[in-house]
Amino acid sequence: MIIVNLDVMLAKRKMSSQELAEKVGITQANLSILKTNKARAIRFSTLDKICEVLDCKPGDILDYIKS
């Protein structure tokens with residue numbers, strides 16, 4: 001199972017979800033879906049922009065847990 005740890009990176013960067021959504025160019029609702037691990041997919045372009053804005057690598061916000 002892939003886990004999205006956006007809350008951790010947002011806290012480290014002292015950034016709100018709304019601010020991230022605006023900078024990435026996605027809706028608050030779509031960001032919420034990602035944060036609550038309800039997303040079934042994410043576009044690489046969206047992941048790229050999130051990493052750019054948060055100054056991180058995909059591995060900093062994505063984790064794998066064996067189910």
Side-chain angles (χ1 to χ4, degrees):
M1 177 182 346
I2 303 293
I3 303 296
V4 180
N5 295 314
L6 267 178
D7 284 335
V8 174
M9 287 307 296
L10 285 170
K12 286 182 180 179
R13 302 298 187 250
K14 297 180 179 159
M15 185 181 294
S16 69
S17 295
Q18 183 172 346
E19 184 180 356
L20 178 63
E22 289 172 3
K23 289 183 177 187
V24 171
I26 61 175
T27 65
Q28 184 72 28
N30 282 340
L31 185 61
S32 178
I33 289 169
L34 278 174
K35 286 175 51 180
T36 58
N37 293 303
K38 293 182 181 176
R40 296 182 51 100
I42 183 172
R43 292 179 184 203
F44 281 134
S45 59
T46 303
L47 182 59
D48 180 60
K49 188 66 176 176
I50 290 171
C51 288
E52 179 184 326
V53 170
L54 293 176
D55 189 28
C56 67
K57 297 179 183 179
D60 294 330
I61 56 174
L62 300 175
D63 200 6
Y64 173 74
I65 296 176
K66 196 171 186 176
S67 51

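If you're wondering where the values come from, they're calculated on a predicted model, not measured in any experiment. Quick note: residue numbers are just sequence positions, from 1.
Every residue was checked against the side-chain hydrogen bond (donor to acceptor under 3.5 Å, both in side chains) condition with Lys12, not counting sequence neighbours, and none meets it. Here Glu22 pairs with Gln18 under the side-chain contact (heavy atoms from CB on, under 4.5 Å) rule; sequence neighbours left out.
Leu34 and Val53 fall within a single hydrophobic cluster, where Ile, Leu, Val, Met, Phe, Trp and Tyr side chains are chained together by heavy-atom contacts under 4.5 Å. The hydrophobic cluster containing Ile42 also contains Leu20, counting ILVMFWY residues as joined when their side-chain heavy atoms lie under 4.5 angstrom apart, directly or transitively.
Rounded to the nearest 0.5 Å, atoms CD1 (Ile26) and CD1 (Ile50) are 5.0 Å apart. Once rounded to the nearest 0.5 Å, the distance linking CG of Leu31 with CG of Leu10 reads 7.0 Å. For the atom pair Cys51 SG and Leu62 CG, the distance stands at 7.5 Å (nearest 0.5 Å).
Evaluation of the side-chain hydrogen bond (donor to acceptor under 3.5 Å, both in side chains) test over residues 33-42, restricted to residues two or more places apart or in two chains, returns Asp7-Lys35, Ser17-Lys35. Residue pairs meeting the side-chain hydrogen bond (donor to acceptor under 3.5 Å, both in side chains) criterion with at least one partner in residues 43-59, sequence neighbours excluded, do not occur; the list is empty. A side-chain hydrogen bond (donor to acceptor under 3.5 Å, both in side chains) check over residues 25-34, counting only residues at least two apart or in different chains, returns the pairs Thr27-Asn30.
Contact annotation: the side chain of Ile61 never approaches that of Val8 to less than 4.5 Å [non-hydrogen atoms, C-beta and beyond].
Clustering of Ile, Leu, Val, Met, Phe, Trp and Tyr side chains at separations under 4.5 Å places Ile65 together with Met1, Ile3.
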